[in-house]
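Here is the structure we will look at, set down as structure tokens.
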Amino acid sequence: MDKIRNPFSPGAGSPPPELAGREGILEQARVLFGRVQARRPEKSLLLTGLRGVGKTVLLNQIERIALAEGFRTILVEAHERKPLAVLLAPHLRRLLFDLDRVKAAGNKARRALSVLRSFIGAIKVKVGDLDIGLDIEPEPGSADSGDLEVDLPNLFVAVGEAAQERGAAVAILIDEIQYFSTEELSALIMAMHRMQQRQLPLVLVGAGLPILPGLAGESKSYAERLFNFPAVGPLPEPDAARALQDPVQAEGVAFDLDALHEIFRLTQGYPYFLQEWGYQAWNHATASPIGADVILDASELVSQRLDENFFRVRFDRLTPREKTYLRAMAELGEGPYRTGDIADKLGVKTTSLAPVRANLIKKGMVYSPSHGEMAFTVPLFDAFMRRAMPRFEP
């Protein structure tokens, strides 16, 4: 096969050639944008799922839908070392200057810039130097208390009112939202609560690990009434087959049914893995249709690539004790895993493992699907742990 024509694109956030099986989530986004523009209340969206299921791809596609619907968008990725306020401020500055240039009566956009200036002045005290080139007088008493749960809702109101005055709507899209602190997540939820109360045209679409609904609920009990939490999981076999077959057929090639079934067995329907196997199968094939023998020939290289590029980067961030904890989970077979069983496997008391468990949750390696249980956030990571650490030594 011509490698240049290979339709598959394994990579972090790389759009697949066929976005199969996600039509329901995309329809939810369209309904959200349409209802907000019609001044009808609708819940914002927080997508949840494991690593490699395509949350970032979906977030990018949802931004494209928002832009096509006439929304102004802000797309950011949260991480552990950058506060929410610092992350959003430069993008809000750009957005508000764009709104201020729209020819329309009223001064809400200019006022929102003054409120943003007040907000920045307050957060500089907490996070240090922050200069985004906003040469405008602050509005005293607006979003300048230094309390994020007070200031962020006030700032969002000013932005929402500016958008409404200009006949615009705003979509803020945030990836890896679980990295925000409890205070930041609480402030974000409170800000969106204010948007819904006032029916202002500003929505939030976030994506994060499966712990996100629990974090949101713990932060604010009314979060479940503000957001829909679409679960982004592995694809069922018919959708997985479509994600593989449609792109190659567009190039005049086909997989035979045994090949499709074998890829599904190996990948369990996880989109990132489907892209890896599809990519290597194409490169290994010499003719169409691509058969199961090609899949078997390519599998060793795919496993090696996944170990080096997908699994190893996460494994290398771990301390020896964290690695041992995860290896104990893998030793128990498929999850979820009872915390008591993990402790028994390690020969220690459950309480002694609380710090390492907390660190692994913070690093996004594990999550708690229910009380007293742990699970990997990365699909097939149990098999990788057994390969990386062949001998289990508590």
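In this structure, CG in L148 is found 9.5 Å from CE in M190, a value given to the nearest 0.5 Å.
Using the six-membered ring where Trp is involved, F376 and Y337 have ring planes that are perpendicular, over 60° apart on the 30 and 60° scheme. The aromatic rings of F384 and F381 lie tilted to each other, with the angle between the two planes from 30° to 60°. Aromatic ring pairs are classed by plane angle as parallel below 30°, tilted from 30° to 60° and perpendicular above 60°; the pair F273 and F310 is perpendicular.
Pairs engaging residues 148-170 under the ring pair (Phe, Tyr, Trp, His ring centres under 6.0 Å) rule: none recorded [sequence neighbours left out]. Under the salt bridge (Lys or Arg N to Asp or Glu O under 4.0 Å) criterion, the residue pairs touching residues 192-213 are E161-R198, with sequence neighbours excluded.
Counting only heavy atoms from C-beta outward, the side chains of F119 and L152 approach each other to under 4.5 Å. Side-chain contact check for L50 versus P210: some heavy-atom pair is nearer than 4.5 Å. Side-chain contact between M192 and L202 is present, with heavy atoms from C-beta onward closer than 4.5 Å. When side chains are defined from C-beta on, P247 counts as touching F8, because their heavy atoms get closer than 4.5 Å. The closest side-chain heavy-atom distance from R22 to P271 is below 4.5 Å. Using a 4.5 Å heavy-atom cutoff, the side chains of W277 and L306 are in contact.
Considering L346, L318, T319 in turn, L346 is the only one that fulfils the side chain to side chain contact (heavy atoms under 4.5 Å, CB included) rule with T324. Checked options Q196, Q28, R35; the residue passing with E42 is R35 (criterion: side-chain hydrogen bond (donor to acceptor under 3.5 Å, both in side chains)).
For the residue pair S145 / D151, a side-chain donor-acceptor distance below 3.5 Å is found, with atom types taken as modelled. At a cut-off of 3.5 Å, with distance as the only test, a side-chain donor of Q61 or R64 sits close to an acceptor on the other residue. Q178 and E176 share a donor-acceptor pair across their side chains, judged by distance under 3.5 Å alone. When only modelled atom types and interatomic distance are considered, Y272 and E276 share a side-chain donor-acceptor pair under 3.5 Å.
A salt bridge links E251 with R5: at least one charged nitrogen is closer than 4.0 Å to a carboxylate oxygen. A salt bridge between D382 and R386 is present, with a side-chain N of the basic residue lying under 4.0 Å from a carboxylate O of the acidic one. A salt bridge does not link D175 to K55: none of the charged side-chain nitrogens sits closer than 4.0 Å to a carboxylate oxygen.
Hydrophobic clustering, with ILVMFWY side chains joined whenever heavy atoms are under 4.5 angstrom apart, keeps Y179 apart from I174.
A cation-pi arrangement is not found for R327 relative to Y325, the charged atom failing to lie both closer than 6.0 Å to the ring centre and inside a 45° cone about the ring normal.
Listed for the D316 side chain is no donor-acceptor partner under 3.5 Å among the backbone atoms of V313.
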